[in-house]
Amino acid sequence: MSLLRASSLPNNIHVSPQKALHTAGLQRSSSTSAQEKPVASGPSEDKIHLSESCVKRLGQITEKGEYLRIHVEGGGCSGFQYKFSFDSNRSEDDRVFEEGGVGVVVDQESLEFLKGATLDYSQELIRSAFLVLKNPQADHGCSCGSSFSVKL
């Protein structure tokens with residue numbers, strides 16, 4: 001990753017020697033991007049929707065053959081948290097959601113927690129981040145916005 005590319009990444013991405021990684025949680029934001037309609041059309045519960053701002057930002061920061069990977073893991077004060085990373089590799093159980101020449105990769109286990117959710121990119125004065133919005137699988141998020149509990 002070049003220095004120019006690393007310096008153009010959102011504030012919540014930490015550059016490591018292997019790959020750029022960052023964590024963002026379920027956020028409720030008043031930014032205009034959170035109110036955008038998803039780019040993908042048609043209802044599908046086995047799908048992750050990408051907002052226009054998400055597609056635009058991924059187009060700016062990803063390289064050809066590189067995907068944004070979303071992974072759900074246990075942790076945080078509400079039980080589960082979202083992890084984001086850039087990845088060029090796909091596994092057999094990965095689902096790829098592509099739009100506008102960019103892609104998001106989710107493993108099958110994490111997809112169970114993300115079905116029907118919208119992935120957004122929010123840019124505010126104090127930070128910019130990829131956010132999972134309108135997740136029908138989440139019951140509620142914690143006050144810090146980085147974790148969520150699952151509907152039973």
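Sequence positions, counted from 1, serve as the residue numbers for this chain.
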Side-chain ([X]) to main-chain ([Y]) donor-acceptor, under 3.5 angstrom:
{"X": "Q123", "Y": "S128", "result": "no"}
{"X": "S51", "Y": "C54", "result": "yes"}
{"X": "R95", "Y": "V104", "result": "no"}
{"X": "S53", "Y": "Y121", "result": "yes"}

So how far is it from [X] [atom1] to [Y] [atom2], rounded to the nearest 0.5 Å?
{"X": "D107", "Y": "E92", "atom1": "CG", "atom2": "CD", "value": "13.5 Å"}
{"X": "K83", "Y": "E73", "atom1": "NZ", "atom2": "CD", "value": "4.5 Å"}
{"X": "D46", "Y": "L111", "atom1": "CG", "atom2": "CG", "value": "6.0 Å"}
{"X": "F130", "Y": "L68", "atom1": "CZ", "atom2": "CG", "value": "5.5 Å"}
{"X": "T62", "Y": "Y67", "atom1": "OG1", "atom2": "OH", "value": "10.0 Å"}

Which atoms form the tightest heavy-atom contact between [X] and [Y], and what is the distance?
{"X": "R69", "Y": "D87", "value": "NE-OD2, 2.8 Å"}
{"X": "L58", "Y": "F86", "value": "CD2-CE2, 4.4 Å"}
{"X": "A117", "Y": "P136", "value": "N-CD, 3.7 Å"}

In one Ile/Leu/Val/Met/Phe/Trp/Tyr side-chain cluster, 4.5 Å: V102, F84: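 As far as the 4.5 Å side-chain criterion goes, F84 and V102 are connected within one cluster.
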
Test side-chain contact (heavy atoms from CB on, under 4.5 Å) applied to V72 - qualifying residues, sequence neighbours left out: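 Expected list: F80, Y82, S110, F113, L114, F148.
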
D139 and V150: CA distance, side-chain angles, deciding distance, side chain to side chain contact (heavy atoms under 4.5 Å, CB included) verdict: CA-CA 5 Å; D139 188 26; V150 178; over 6 Å; no

Beyond-backbone contact of L131 with L119, side-chain heavy atoms, under 4.5 angstrom: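 Of all side-chain heavy-atom pairs linking L119 with L131, none is under 4.5 Å.
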
Full working for side chain to side chain contact (heavy atoms under 4.5 Å, CB included) between E66 and K64: CA-CA 6 Å; E66 188 175 43; K64 186 174 175 86; over 6 Å; no

More than 12 heavy atoms from other groups under 6.0 Å of CD on E109: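 Not more than 12 within 6.0 Å, no.
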
Heavy atoms from other residues, nucleotides or ligands near CZ of R90 exceed 12 (cutoff 6.0 Å):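 Check fails, neighbour count at 12 or below.
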
Residues K134 and D120 bridged, charged N to O under 4.0 Å: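 No.
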
